[in-house]
Amino acid sequence: MTSTIQRLHLTHPLHFVIGLTLWCIWFIAVYGGHAVACAVAPPAPEQGVFTLVNAMLLLVSIVSIALLAALTLGCCREAKRHEGRLRFNAAVSAGLYLFSALGVLFAALPIIGIPPCL
């Protein structure tokens, strides 16, 4: 039981890769989903950016950013509560979560301004 709780704790080194893995999953899901949606049922170009495709891509992006931001804040709080190696692990994890959240935000910006399937 104790090892399971420690494994899920925000100071565990596993969090070094979770943020970048979540970013990778988001990237594959959004760009793969975009390609499939454009191949199966492309919206008319005159609709502009206000399409169901863009709405779904934006929704997935917002959920991903919120999750990564929550993990960033959680790790920051844990870093303040600990010292030594646990503080380092939490601080590095927070930085990687923040980096991943900013990566999602930056890569999702074209969803707002560019019509899909051009």
Side-chain angles (χ1 to χ4, degrees):
M1 177 84 175
T2 305
S3 65
T4 304
I5 293 172
Q6 288 176 347
R7 201 173 325 150
L8 299 175
H9 205 268
L10 291 174
T11 58
H12 194 277
L14 182 63
H15 289 278
F16 292 165
V17 296
I18 292 175
L20 297 173
T21 303
L22 290 174
W23 174 83
C24 184
I25 291 168
W26 168 84
F27 190 84
I28 292 168
V30 165
Y31 283 93
H34 180 259
V36 169
C38 288
V40 172
E46 51 272 355
Q47 281 184 306
V49 295
F50 302 108
T51 64
L52 184 60
V53 173
N54 273 10
M56 295 307 293
L57 296 176
L58 193 59
L59 179 67
V60 170
S61 299
I62 290 171
V63 168
S64 298
I65 292 169
L67 174 63
L68 290 166
L71 288 167
T72 300
L73 291 175
C75 286
C76 284
R77 289 184 184 130
E78 285 297 314
K80 291 178 184 177
R81 292 181 46 219
H82 296 283
E83 293 182 11
R85 181 182 56 83
L86 296 178
R87 182 181 189 133
F88 174 80
N89 289 352
V92 169
S93 297
L96 290 169
Y97 282 128
L98 179 63
F99 180 77
S100 299
L102 293 174
V104 170
L105 178 66
F106 179 74
L109 283 177
I111 296 171
I112 298 169
I114 300 174
C117 310
L118 289 180

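These numbers were taken from a predicted model, which means no experiment stands behind them.
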Mind checking what makes side chain to side chain contact (heavy atoms under 4.5 Å, CB included) contact with L52, not counting sequence neighbours?
M56

How would you list all residue pairs meeting ring pair (Phe, Tyr, Trp, His ring centres under 6.0 Å) that involve residues 48-80, not counting sequence neighbours?
none

With sequence neighbours left out, which residue pairs that include part of residues 80-102 fulfil the salt bridge (Lys or Arg N to Asp or Glu O under 4.0 Å) condition?
E78-R81

Kindly compute the distance separating CG (L58) from OG1 (T51), expressed to the nearest 0.5 Å.
10.5 Å

Contact list for residues 52-85, test ring pair (Phe, Tyr, Trp, His ring centres under 6.0 Å), sequence neighbours left out
H9-H82

Is there a side-chain contact between N89 and F16, using heavy atoms and a 4.5 Å cut-off?
yes

Spacing of CG belonging to L98 relative to CG belonging to L73, to within rounding of 0.5 Å
9.0 Å

Just grab all the side chain to side chain donor-acceptor pair (under 3.5 Å) pairs involving residues 91-114, residues at least two apart or on different chains.
H15-Y97

Is V104 linked to L59 within one hydrophobic cluster, defined over Ile, Leu, Val, Met, Phe, Trp and Tyr using a side-chain heavy-atom separation of less than 4.5 Å?
no

Summary of disulfide (SG to SG under 2.5 Å) pairs that have at least one residue in residues 15-118, sequence neighbours excluded
C38-C117

What are the two closest heavy atoms between T11 and A90, and how far apart are they?
CG2-CB, 4.0 Å

Evaluate the side-chain proximity of P45 to P115: yes if any heavy-atom separation is below 4.5 Å, no if none is.
no

Can you tell me which residue pairs pass the side chain to side chain donor-acceptor pair (under 3.5 Å) test with a partner in residues 37-48, sequence neighbours excluded?
none

With rounding to the nearest 0.5 Å, note down the distance linking CG in L96 to OG1 in T21.
10.5 Å

Contact list for residues 109-118, test side chain to side chain donor-acceptor pair (under 3.5 Å), sequence neighbours left out:
none

Contacts of F99 that satisfy ring-ring contact (aromatic ring centres under 6.0 Å, His included) - sequence neighbours left out
none

Rounded distance [0.5 Å steps], CG in L10 versus CG in L71
7.0 Å

For R77, all residues meeting salt bridge (Lys or Arg N to Asp or Glu O under 4.0 Å), sequence neighbours excluded:
none

Within this structure, what is the CG-CD1 distance for the pair N54 and I111, rounded to the nearest 0.5 Å?
6.5 Å

Expected list for residues 25-37: side-chain donor-acceptor pairs under 3.5 angstrom, two or more places apart:
| from | atom 1 | to | atom 2 | distance (Å) |
| --- | --- | --- | --- | --- |
| W26 | NE1 | S61 | OG | 3.1 |
| Y31 | OH | A107 | O | 3.4 |

Can you check side-chain contact (heavy atoms from CB on, under 4.5 Å) on V49 and I112, steps first, answer last?
CA-CA 7 Å; V49 295; I112 298 169; over 6 Å; no

If you group Ile, Leu, Val, Met, Phe, Trp and Tyr by side-chain heavy-atom gaps below 4.5 Å, do V63 and I18 land in one group?
no

Hey, what else clusters with L118 if you join Ile, Leu, Val, Met, Phe, Trp, Tyr whenever side-chain heavy atoms sit under 4.5 Å?
I114

